Amino acid sequence: MEKIRIVIADDHAVLRSGLKALLNCSPLFEVIGEAGDGQQAFTMVEELRPDVLLLDISMPVMSGVDCIKEIKSRGLSCRILVLTMYDDDEYIKEVMRAGADGYVLKKSADTELVEGIIKIHSGKKYLNETMSQTLLTSLLRVNNEKSDQRDPYTLLSSRERQVLRLLAQGHTNSEIAEHLSLSSKTVDTYRSRIMNKLNVRKKSELVNYALQYKLIST
């Protein structure tokens, strides 16, 4: 039986190392590459053609969601399992709409990762029971409510939401630029675009918006 060939994409080297050790201990898997940002992840998928990509959402250079979209737009056959810390039904919906095949929380990786990889490699989708129920509840709620035109998951791109979160948490443009591996000028462009889309003029309004839609916590 051929091993399932895997690329791990996460911006934390220690986590990548731990996941690699965990997976290589199994006779079922072979980790063939590691990527520290979204662009590297896409390049590795294109060059190495792995069976499965383990991908974090919050990645520098290119976000996880944009990486998924790029992989799908190029017609690459790699299956994608999102491995993230974000336990939020909106994130789940976003990555599944983008083309991901499964979603596993980092805190549950020790018990769910192997099952998730095997399941998506067989052509199925993977969400644990709790996530499935959460997603179903969310979808039912949306069907019973009017669409919110200011919903950040409709109005803003994934990168714009990343920038908004960091702005609302009090980070400066230069700090955001460093965190996301962008230039300060690019961050300023994102900031202007976000404010135009939300029709706000003050940073305090951005903070209120982020709090209202639970992009940050109090």
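The structure displayed is predicted, hence computed values, not measured ones. FYI, the numbering just counts along the sequence from 1.
- The distance from atom CD of Q212 to atom CD of E205, rounded to the nearest 0.5 Å, is 12.0 Å.
- For the pair D56 (side chain) and M59 (backbone), a donor-acceptor distance under 3.5 Å is absent.
- Atom CZ in R79 sits 7.5 Å away from atom OG in S122 (nearest 0.5 Å).
- Hydrophobic clustering of Ile, Leu, Val, Met, Phe, Trp and Tyr side chains at less than 4.5 Å, counting indirect connections, keeps L55 apart from V61.
- Here the CG atom belonging to L15 is positioned 13.5 Å from the NZ atom belonging to K20, to the nearest 0.5 angstrom.
- Residues V187 and V200 share a hydrophobic cluster, clusters being chains of Ile/Leu/Val/Met/Phe/Trp/Tyr side chains in contact below 4.5 Å.
- The nearest pair of heavy atoms linking V104 to A109 is CG1-CA, 4.3 Å.
- For T84, there are no side chain to side chain donor-acceptor pair (under 3.5 Å) partners, not counting sequence neighbours.
- Under a 4.0 Å N-O distance rule, the pair R74/E70 qualifies as a salt bridge.
- Using modelled atom types and a 3.5 Å distance limit, the side chains of S192 and T189 yield no donor-acceptor pair.
- Applying the side-chain contact (heavy atoms from CB on, under 4.5 Å) test between L48 and each of I32, I6, T43 identifies I32 as the sole match.
- What you find for C78 and V45 is that their closest heavy atoms are CB-CG1, 3.8 Å.
- The shortest distance between side-chain heavy atoms of V52 and F29 does not fall below 4.5 Å.
- How far CG of D188 is from OG of S183: 9.5 Å, rounded to the nearest 0.5 Å.
- Within a 6.0 Å radius of NZ in K214, other residues, nucleotides and ligands contribute 12 heavy atoms or fewer.
- With sequence neighbours excluded, the residues that form a side chain to side chain donor-acceptor pair (under 3.5 Å) with D10 are H12, K106.
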Apply side chain to side chain contact (heavy atoms under 4.5 Å, CB included) to the pair H171 and H179, showing each step before the final yes or no. CA-CA 10 Å; H171 295 283; H179 181 76; over 6 Å; no
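- Summarising the geometry of R191 relative to L167, their closest heavy-atom pair is NH1-CD2, 3.7 Å, with the distance given to 0.1 Å.
- Atom CD of E178 has 12 or fewer neighbouring heavy atoms from other residues, nucleotides or ligands inside a 6.0 Å radius.
- In this structure, the side chains of L206 and K202 stay at 4.5 Å or more apart for every pair of heavy atoms.
- Residue L127 is grouped with residue L53 when hydrophobic side chains (ILVMFWY) are merged at heavy-atom distances under 4.5 angstrom, including chains of intermediate members.
- The nearest pair of heavy atoms linking F42 to C67 is N-SG, 3.9 Å.
- Within a 6.0 Å radius of NZ in K124, other residues, nucleotides and ligands contribute 12 heavy atoms or fewer.
- Using a 4.5 Å heavy-atom cutoff, the side chains of V14 and S17 are not in contact.
- A100 approaches I68 most closely through the heavy-atom pair N-CG2, 3.8 Å.
- Contact of the V7 side chain with the L54 side chain is not registered, since no non-hydrogen atoms from C-beta on lie closer than 4.5 Å.
- Counting heavy atoms from C-beta on, the side chains of E30 and I4 never come closer than 4.5 Å.
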Give the intermediate values and the outcome of side chain to side chain contact (heavy atoms under 4.5 Å, CB included) for residues T172 and I176. CA-CA 6 Å; T172 64; I176 296 171; over 6 Å; no
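- With a 4.5 Å cut-off on side-chain heavy atoms, H121 and R5 do not count as touching.
- Counting heavy atoms from C-beta on, the side chains of K119 and K125 never come closer than 4.5 Å.
- Interatomic distance, CE of M62 versus OG of S158, reported as 10.0 Å (0.5 Å rounding).
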Begin from the C-alpha positions of Y190 and L182 and carry the test side chain to side chain contact (heavy atoms under 4.5 Å, CB included) through to its verdict. CA-CA 11 Å; Y190 275 119; L182 301 171; 4.1 Å; yes
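- Between S174 and S184, the side chains place no donor N or O within less than 3.5 Å of an acceptor N or O (distance only, hydrogens not considered).
- Expressed to the nearest 0.5 Å, how far CG of L83 lies from CE of M85 amounts to 11.5 Å.
- The same ILVMFWY cluster, assembled from side-chain heavy atoms under 4.5 Å apart, contains both L166 and I194.
- Between L28 and I118, some side-chain heavy-atom pair lies under the 4.5 Å cut-off.
- Between P152 and Y213, the shortest heavy-atom distance links the atoms CD-CD2, 3.4 Å.
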Given side chain to side chain contact (heavy atoms under 4.5 Å, CB included), test I92 with Y86 step by step and report yes or no. CA-CA 9 Å; I92 301 171; Y86 297 116; over 6 Å; no
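- For the pair D101 (side chain) and G123 (backbone), a donor-acceptor distance under 3.5 Å is absent.
- I57 and L156 fall within a single hydrophobic cluster, where Ile, Leu, Val, Met, Phe, Trp and Tyr side chains are chained together by heavy-atom contacts under 4.5 Å.
- Donor-acceptor pairing under 3.5 Å is recorded for the side chains of Q162 and R159.
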